[in-house]
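Structure record follows, encoded as structure tokens.
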Amino acid sequence: MLRQIGKRLATAIPSLIGVVVVTFLLTRVLPGDTAAYFAGPAATPQAIAEIRAKLGLDRSLPEQFVSYVKDLATGNLGNSLSTGRPVVTEIKARLPASAELTFLGLFLAIAIAVPLGILAAVKQGSIIDHACRMVATAGVSLPVFFTGLLLVYVFYFLLGWAPAPLGRLDAFSSAPPEVTGFYLIDSLLARDLETFRASLAQLAVPAITMAVFSLAPIARMTRASMLAALASEFVRTAKASGLTPTTVIIRYAFRNALLPVVTTLGMVFSFLLGANVLVEKVFAWPGIGSYAIEALIASDFAPVQGFVLTMAIMYVALNLLIDMLYGVIDPRVRMEG
Amino acid sequence: MSVAATPAPAQASAAVATLKHARYIIGENPVTGVAFGIFVLLALAALIGPFIVPFDPLASDTAAALNSPSAKHWFGTDQLGRDIFSRVVVATRLDLGIAIFSVALVFALGGLSGVAAGYFGGWTDRVVGRLADTIMAFPLFVLAMGIVAALGNTVTNIVIATAIINFPLYARVARAEANIRRDAGFVQAARLCGNSEMRILLGHILPNIMPIMMVQMSLTMGYAILNAAGLSFIGLGVRPPTPEWGIMVAEGAAFIVSGEWWIAFFPGVTLMLAVFCFNLLGDGLRDIVDPQRRT
Amino acid sequence: MTAALPLLDVRNLTVEFATRRGIVTAVEQISIAVAKGETLGIVGESGSGKSVTSYAVMRILDRAGKIANGTVSFSGIDIRGMKEDEVRDLRGREMSMIFQNPRAALNPIRKVGKQIEDVLIRHVQAAPSDAREKAIEILRQVRIARPEERYHAYPFELSGGMCQRIVIALALACRPQLLIADEPTTGLDVTTQKAVMDLVVELTRERGMSTILITHDLGLAATYCDRVVVMEKGKVVETADSAIIFKSPLHPYTQKLMRATPRPNATLRGLLPEGEALPNPIPAPPANDDAAMLLKVENLVKEYPRQGATTSVFSLFKPKAPAADATFRAVDGISFEVRRGESVGLVGESGCGKSTTSMMVMRLLDPTSGRILFNGEDIGGTKAKDFAGLPQRRRIQMVFQDPTDSLNPRFTAVRAIADPLLRMGGLKGGAAIRARCEELARRVGLPVDLLDRFPHQLSGGQKARVGIARAIALDPELVILDEPTAALDVSVQAVVLNLLQDLKVSLGMSYLFVSHDLYVVRMLCDRVIVMKSGRIVEEGPTERVLAAPEAEYTRELLSAIPHPPV
Amino acid sequence: MNRRDFLKTTAIAAGAAAPVAAPFIRSAEAQSRAETLLVVTESGPNNVDIHGVGTNRPGYEVSWNCYDRLFTHGKKTLPDGTDSYDRDKYEPELAESWDIGPNSATFKLRKNAKFHDGTPITAKDVKWSFDRAVSVGGFPTFQMKAGSLEKPEQFVAVDDSTFRVDFIRKDALTIPDLGVIVPCVFNSGLVKKNATEKDPWGLEYTKQNTAGGGAFKMTKWTPGTEVVYERNEDWKSGPVPKLKRVIWRMVPSAGNRRALLERGDCDISFDLPNKDFAELRAAGKVKVAATPVGNGIGYIGMNVNKAPFDNVKVRQAVAYAIPYQKIMDAVLFGMGNPLHGGSSNMAAEVAWPQKHGYTTDLVKAKQLLTEAGYPNGFETTLSFDLGFAVLNEPMCILVQESLGQIGIRTTINKVPGSNWRAELLKKEMPLISNFFSGWLDYPEYFFFWCYHGQNAVFNTMSYQSKEMDALIDAARVAAAEGNKAAYEKDVKAFVTKAFEEVPRIPVFQPYLCVAMQPNVSGYRYWFHRQLDYRTLSKA
């Protein structure tokens, strides 16, 4: 098993190298003049040149790249120019917020979309099937920022059910003592139900926004692979053996249909990480997505590079997890290793 | 070239059969029918929209700013008094354009390289695979943002960025489908007939994976529009005053709380309908273009 | 046969399917009875409604299908009128079913033992505590060696025959009264087929069960059934004891089917229905070097890497040769020859290397070593992917096993036939090519008006003809026939085999005929080569090999083939 | 079915949310809530040191509230009833009293004033801080220079509580310049302790930590998310603020900020779109203070070094083609003073900004364009700062449309906020929409940076004219010498010239708008356009 993980990680290395190079180049092509930005409103050209030299931006691209890679090798992602803090610290502080939101969104999406997909497949061609398709498709048809703003408008502004979109906790609650960085978990560990409810309340609307966006691909894939599984011969055998519909649908059909669904999850996760950026902006969420946008707009290279690299590593880790899940679900995959 | 061997009447009858089949699919699946209807409307709007709209979509009229929907302004007016209905209709061409061109581009890039990877295997496969993996490892929207920010926010660059982030999807689907067929009987037969590898790839394999690619294209067309909208939200969309759904929604969103719901609502609904329609068409399309499911 | 109440009594059963073209009647007014302890064969070609009948009995028709009329009673109980959960109780416990393609019939990601347990527990034949023990016992009963270990196996770890035993174990776990076996051995090698069928017969006899054997293979029905029902296009055309039906079939369709089934001493013309015999073709003018060597294969070897052995992470950077022990030989140094105008049969069970050999000769696959001489030239040295550009390409053609798979779904028949003409025919202009295609169509007996159809609009036999027309379009000297009739019904097979024989005579081609069926080979081939595990075990004139096989393996093969009484 | 599931999920989530939607009902928090101010704005500080490299506007706010200056400004009440700082009235802050002579100014510091860490504040700290301001370069040095504060030698710590500034030349702006944000007093001991050889002024430390003695201490800062202040209970440089705590949250979505205000979930916010301010003010649920920004204009600038804008007739044609009233109505929603429609281009008063004589007159514009040799117009690019898109974008669209009618075809170029400064510096954009305001509310100060031939970054039009330079310089001298008549003449002359040659077209003087809950009082407008928490209180 360990060898397999190692192997899988090794295959990810070229992609990660690709990510590092592409991000580096992309951030350097950005039109912003970082030095001018940080020289402030009243800077003279000399002042800007000084700052440029100080930031090392006057060196050639290859030189800059080499020193960037050297830093990377020591785990140093550089300092954010705009906040002055080490990018590693910032990402460490913000990643849990994004991760908590993204995972809860993904979890919600799975919890809704998978049953929908199964239902649609079992009742293929019926009104229910069409309705499932419509609902899931409608969710993915709106720009995610718009869904978010709409939900805020309805559930916060009009109805007052949701708390103010002020980030992870309202201004007057204090964060639970940090263990995992996930407020939901940390507050439970601290047996602080009040904070748990407060942070869940803050999470609910943004997580729903994310979930709505990712329903369609999961539901569509669940339905398609369930249909394939239900039409398979082993399901016919199971039916001919008199097994109950629940056993047939769940233990025989769904377990087999899971593989493509799990594969889709990897892709959906990648999309969610992107959508996350917009959702965080809408909900004033102190995650790394909003951090990255601000940095990108400020042409602040280091955080953008750090963000993309973190996301890439998360993506690789998730895919590793999915591969391992594959092994759990499908013995054929396990044997090949 | 090869079509010469097939006389025209056969083509015509095939076309008639396709039409009949399409009518059948729509008859059987009302959802696809509805989606198709929306598509026709959108296509119509894109073609003749600019000639039939009641107002100049760019003309401001501050005296009539922020009017709610009325008989004169069906969808109301925006902050500068521009007629939202006219803007929504005129924007169809640009939005469909972005969708179609980005899909065409990603099909040309991802689809073809994916087919080649699946068919030839070996280093082609490894290179395309690595490329797809690398792109996939980016948070896709952020990559699009970066590309547009770096190259400048023109329509062309939005199209390019959208195409690039969809590359892995196309490459993977095309690769998988080509890989299944690389040793299929008809491919072997084509080899025996003296077809070169390139001709087999383009003339035999590609047409056969088109149905699946069409589904993929239909789905990503919707995604392309959403992507453009997201870029508009963070200020990287098309240039004003060009009407575009995403930018109208993004700008209109600021007016929701103050009660001018129509500014974001109508472009939003149109955008949603378009994406919705592409998504649903994807499913229906597969039935229409896949001859094996026709009898 | 007996006055006692039949175990299963199907009367006036009509099954309809809602399809895109409206209601289609799959089974019409059929009546079938199965007595206790009896083995009934239902025989028919594809589309005869034999499987649908069994699904209707089990009430596992898919959503689109429904029983429109008739009654099905099992031990006197009306199955049609039962509630779904009541029928579910019957399934698996009172009547059960085994399917063709055993590997697909098992849940691929569940241990086989667990799958048996599921059924046992469902029908309260075992409690969760002793289910495992019972499952292992049942595995033992179906002759699975080391059942305790196999309990933990997944279907993909077992051979096809072994999987079929598991399926049988599933079906018999709860000791039902009726077993429906739907083409249980299709896709299995003849030797495996015999072992599986013998096992089914033994187990059902010993338990006094009734069995319905659904098959397209008259030989199988004749060997194992007490009574046979012949179905055609959803109707029962004849029912009789098997001893009687094969001796003196009454219905014309039964007669036709009987004739078309290859038997040890049948002739090609004899396969065709009476009165439909074709005129003999005019032989092609004999070539000058009549008995010259056309194809000579010397020490042909094909090695494959063992699965999973070469996937190195860094293969992008340093592709390395697989180690010697990581390979296995699909074809292990064989040599043979085909003379001009000769038909040579290449026979063996699945995995024996016969298809690999044909692909290498066809130059679709590169051999690991060895020589392939065609007309005295070594064509083995050219890479398969470059061979399309060589002039020899048009001299060697092939007819594929699966006519559906071998036709591009997006090409019309005429386009498919025209493909080699366009690439290598040297014909100019659409009209000339069209004319040649029509000529070829007439030659292979394909109505010209079907030429503009797509493959999915053609029947299996018609598709086979398109494939043959394409293969002979360039007047090749050697045609490889890779199980050209394996996917066809017997009556169609009879016609196609005759067509192939006639074409060979009139065009003066040589055939390399790859098949698993010795009787078919016998009718078409002058010589036969028997392969096993990548090697040739026996070679010689067909009549001699069949009449007096020298190799033990050949004898085994011959004896395993079921056939109707001669 | 699935729809019902979805609604159910939402309802559960919302149900869970309900009890905490109004957290302030919890009695324990009620007290602190009353003494806590919740501020929401679009963006937060990137650096809490005004001397730092590239400190943004929100950073000014931290500096203003956490550091003391020698003196501060008094209060005046504007005609509409809002409070404003008084440009001409100085009040003690760190200095109890001061004495301004012809060549120097001497300040007596409070003896009991302490930094946040308890260290007493001495004249040495003041000197060190001022030395730092003139030495670190960049913005602070520039700002000091604007008041002729250029060399460390000018600053003398006479004894622990006496501090003297020596003048290097006569400059009327020297004393006003000591009252801006930059000359703030740092805890020199603390900063020096955290300085390094590479960073002798400890900029890295103060970038993230406050080292002052102001009325508030910054206790927490999460960039892009939140800033939290606590009141400095030991503050001696003024009355102790009423607010105990200030929480400042960043909410990027303007719609959400308005929603928070309207639902009473935040106390104060000041960067909403004008339309929202106008509507909030009309609705009356929240208080809106709108104060014209002193010495500030929104303008359309033209690059006079590039054809066709090198032709004054073309510039005048553009000035006649700007749809002023449309902009006032549809872009500013009345939250600004119009600057068009004066009786003529002759300056009417000694003030800046003031009305010019241009109006929207397309016939005249077309005629001027024809005279200039562009009867068929031309093509150009109109650029704006995406960071201020709410205002700029609709304005540019209106300008674009109007210019189109006289044949000037423009492409709108949105420049991301980060690039704007760099683009301005290149001085290559032909046509821009921009905003500028000077801290020091004196016309010659504005003109010195925006019209003077020294061509500073804010002279975005690259306008150079010897006459103009002479007039501006003369006005500065006249001001320093107290020659009122000469000063007034010069100011009127350079304003008139700016209007005649019109390298930039003043379009409006914007209002600084702040919306707050009715129970928030004590808001005061400041030249730096950020909040001063010291005077604010909650009922």
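Just so it is clear, the values below take in all heavy atoms, side chains as well, and ignore hydrogens, waters and symmetry mates. By convention in this document, chain letters (A, B, ...) are assigned in the order of the sequence lines, proteins followed by strands, and residues within each chain are numbered from 1.
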Is it the side chain or the backbone of [X] that comes within 4.5 Å of chain B heavy atoms, both, or neither?
| X | value |
| --- | --- |
| Leu149(A) | side chain |
| Met134(A) | both |
| Val19(A) | both |
| Ala292(A) | neither |
| Ile313(A) | neither |
| Thr27(A) | neither |

Which distance, rounded to the nearest 0.5 Å, do you find between the [atom1] of [X] and the [atom2] of [Y]?
| X | Y | atom1 | atom2 | value |
| --- | --- | --- | --- | --- |
| Leu143(B) | Leu26(A) | CG | CG | 6.5 Å |
| Ile17(A) | Arg130(B) | CD1 | CZ | 10.0 Å |
| Leu273(A) | Phe141(B) | CG | CZ | 13.0 Å |

Taking side chain as everything from C-beta outward and backbone as N, CA, C, O, which of these in [X] sits under 4.5 Å from a heavy atom of chain A? Side chain, backbone, both or neither.
| X | result |
| --- | --- |
| Ala132(B) | neither |
| Leu169(B) | side chain |
| Ala250(B) | both |
| Leu280(B) | both |

Restricting to non-hydrogen atoms, name the atom on [X] and the atom on [Y] that form the minimum distance, rounded to 0.1 Å.
| X | Y | result |
| --- | --- | --- |
| Val140(A) | Val275(B) | O-CG1, 4.0 Å |
| Phe146(A) | Ala253(B) | CD1-CB, 4.5 Å |
| Tyr153(A) | Val257(B) | CE1-CA, 3.9 Å |
| Pro139(B) | Phe307(A) | CG-CE2, 3.9 Å |
| Ser141(A) | Leu271(B) | O-CD2, 3.7 Å |

For Leu94(B), enumerate each residue passing the side chain to side chain contact (heavy atoms under 4.5 Å, CB included) test, keeping only those at least two apart in sequence or located in another chain. Ile98(B), Val155(B), Val238(B), Thr242(B), Glu244(B)
Hey, which of Ile165(B), Leu140(B), Ile256(B) has the most heavy atom pairs under 4.5 Å with chain A? Ile256(B)
Check against side chain to side chain contact (heavy atoms under 4.5 Å, CB included), Ile234(B) and Phe145(A): CA-CA 10 Å; Ile234(B) 52 168; Phe145(A) 66 89; over 6 Å; no
Could you verify whether a donor N or O on one side chain and an acceptor N or O on the other, from Asn279(B) and Arg220(A), lie under 3.5 Å apart?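 Yes, because at least one side-chain N or O of Asn279(B) sits under 3.5 Å from a partner of the opposite role on Arg220(A).
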When the aromatic ring centroids of Phe271(A) and Tyr223(B) are compared, is their separation below 6.0 Å?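 So the answer is yes for these two rings.
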Pull out the residues in residues 224-233 of chain B that come under 4.5 Å of chain A, heavy atom to heavy atom, sorted by number. Leu226(B), Ala229(B), Gly230(B), Phe233(B)
If you draw a 6.0 Å radius around CD1 in Ile127(A), do more than 12 non-hydrogen atoms from other residues or ligands fall strictly inside?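 For Ile127(A), atom CD1 is not crowded (no more than 12 foreign heavy atoms under 6.0 Å).
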Check whether any side-chain heavy atom of Val142(B) lies under 4.5 Å from a side-chain heavy atom of Met311(A), and answer yes or no.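 No - every pair of side-chain heavy atoms lies 4.5 Å or more apart.
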